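Values in this document were obtained by computation on a predicted structure and should not be read as measured data. Note that ligands are numbered from 1 as they come in the structure, with each ligand's atoms numbered from 1 the same way. Below, each value reflects all heavy atoms present in this structure, side chains not excepted, and no hydrogens, waters or symmetry copies.
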Amino acid sequence: MEKKIPYKIYLKEDEIPKQWYNVRADMKNKPAPLLNPATHQPMTFEELRPVFCDELVKQELDDDTAYIDIPKEIYNFYKMYRPSPLVRAYCLEEKLQTPAKIYYKFEGNNTSGSHKLNSAIAQAYYAKKQGLKGVTTETGAGQWGTALSMACSYFDLDCKVFMVKVSYEQKPFRREVMRTYGASVTPSPSNTTKVGRQILERYPGTTGSLGCAISEAVEVATETEGYRYVLGSVLNQVLLHQSVIGLEAKAALDKYNINPDIIIGCAGGGSNLGGLISPFMGEKLRGEKNYDIVAVEPASCPSFTRGKFAYDFCDTGMVCPLAKMYTLGSGFIPSANHAGGLRFHGMSSTLSQLYHDGYMRAVSVEQTSVFAAAQQFARIEGILPAPESSHAIRVAIDEALKCKETGEEKTILFGLTGTGYFDMVAYQKFNDGVMSDYIPTDEELQKSFDSLPKV
Ligand SMILES: *Cc1c(COP(=O)(O)O)cnc(C)c1O
């Protein structure tokens, strides 16, 4: 007899995982190393130390240790908002009249409104433990900056955030949340850094991009005593911290012997997707189980589906190490019409390698269809989703509708990464019928591919 599955599967507090899982340990083809932009040699621990905290550099370079203990201080913070619920979307299934079973892991139950807090608290902890004064970072849509502000205030660290200008202007309330937690927030590109001034000269009137903001944050971190730079996505260390999502999801599913057929997540820099899929991907890599794993990206910023697998800069100012990843070129600046996050030109090198090796697939979706899914989900399941998360909702609904046609009873798991309360300007555009679907042309992409570094 199948046990009746509740609407929400909660783990107990002491079932929050005690260790993170490092999927690289099970990869035969490891993600390519970061390269020094000047010498094109792999970045060493010593070279990365001026930029990142020591412990985080170790995690970044560790391709072999499968499980890494979560320090007690981080675990205690996790207990304030975790475990996050795994929800059976009974109402959505009913509405769609699908035989598919739909589950989502909801990461929006904290003030930052997203999964980003899982890594922010870890990064702030290691900075504090090293005796640093503060950290610098960039933020796009604002969730990462908010999460980091919360984490820094908890550990009494200074926090300097460079916020992509278009979001700074569109989301004044995000900015105020960060300031409430004690962070300073500067719109990027700004004239407070050398690289910001250069970018402003080269692209006058630009509304900014994550790549620009990263360059500014790195410059300030490396030139200010007692500061390091932290990043909210893309890096191996961030995927490691986010594995808490997948480990919890798997533990909850295992309680009821539920085996997902399809696992879906939105992909900006790849951290929530990497975290959600990691224990499942581990099983797939070890040949124990098979899953259909799907990355969903915006058609306006299609790194996986139209990008090149190549070494590239992570930032527009070309000051960061080179990463081998699916990229649109570091000069690519997505259209300002594009409302959600997911604006980064590149992608996690771990996920890029897994995608390249055929362990997962990717689809791109257009903005208006994403918001249609967001609206439908809000009305049926109650939660107002973040635009980023809604990319995953779109594809989860599409897969459930396919099941309706074929009669297959597939089990679908997707990551609901956050809430959309600060994205009401985008929702307003959608509600007013003035939202557009901007898709870059091949010529535009070629232009930014032309500037890929020759490695
Ligand atoms: C940042 C963010 C994303 C995308 O980032 P990833 O690193 O790809 O996970 C998705 N959803 C929400 C709510 C976010 O804040």
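Electrostatic pairing of Lys101 and Glu93 does not count as a salt bridge here, judged by no charged N lying under 4.0 Å from a carboxylate O. A salt bridge does not link Glu107 to Lys116: none of the charged nitrogens lies less than 4.0 Å from a carboxylate oxygen.
Of all the heavy atoms of Ala267, the ones lying under 4.0 Å from any atom of ligand 1 belong exclusively to the backbone. Of the heavy atoms in His115, only side-chain atoms (C-beta onward) come closer than 4.0 Å to ligand 1.
Using bins of under 30°, 30° to 60° and over 60° for the plane-to-plane angle, the ring pair Tyr7/Tyr90 lands in the tilted bin. Between Tyr326 and Tyr355, the two ring planes are perpendicular [angle over 60°; tilted spans 30° to 60°].
In terms of polar-atom proximity, Gly232 is not counted as a contact of ligand 1, lacking any N or O under 3.5 Å from an N or O of the ligand.
Below 4.0 Å from some heavy atom of Cys266 lie the following atoms of ligand 1, by number and element: 10 (C). Each of the atoms 13 (C), 15 (O) of ligand 1 lies under 4.0 Å from some heavy atom of Ser114. The distance from ligand 1 to the heavy atoms of Gly268 drops below 4.0 Å at these ligand atoms: 8 (O). Set against the non-hydrogen atoms of Gln143, the atoms of ligand 1 under 4.0 Å away are 13 (C), 15 (O). Annotation for ligand 1: atoms under 4.0 Å from non-hydrogen atoms of Ser233 are 6 (P), 7 (O).
The nearest heavy-atom contact from the protein to atom 13 (C) of ligand 1 is Thr417 OG1, 3.2 Å.
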Going through the checks in order, is the ring-ring contact (aromatic ring centres under 6.0 Å, His included) test met by Phe377 and Phe371?
CA-CA 10 Å; Phe377 187 83; Phe371 275 81; over 10 Å; no
Please test Ser349 against Asn236 for side chain to side chain contact (heavy atoms under 4.5 Å, CB included), starting from the C-alpha separation and ending with a verdict.
CA-CA 8 Å; Ser349 58; Asn236 295 328; 3.9 Å; yes
Start with the C-alpha gap between Thr111 and Tyr181, add the side-chain angles, then the distance that decides, and say whether side chain to side chain contact (heavy atoms under 4.5 Å, CB included) holds.
CA-CA 11 Å; Thr111 294; Tyr181 282 94; 3.6 Å; yes
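Note that the NE2 atom of His241 and the CD1 atom of Ile70 stand 9.0 Å from one another [nearest 0.5 Å].
For atom 4 (C) of ligand 1, the nearest non-hydrogen atom from the set Leu210, Thr146, Thr139, Leu342 belongs to Leu342. Nearest-heavy-atom check against atom 5 (O) of ligand 1 across Lys116, Glu388, Met347 picks out Lys116. For atom 6 (P) of ligand 1, the candidate residues are Ala147, Ser348, Ser271; the nearest heavy-atom contact is made by Ser271.
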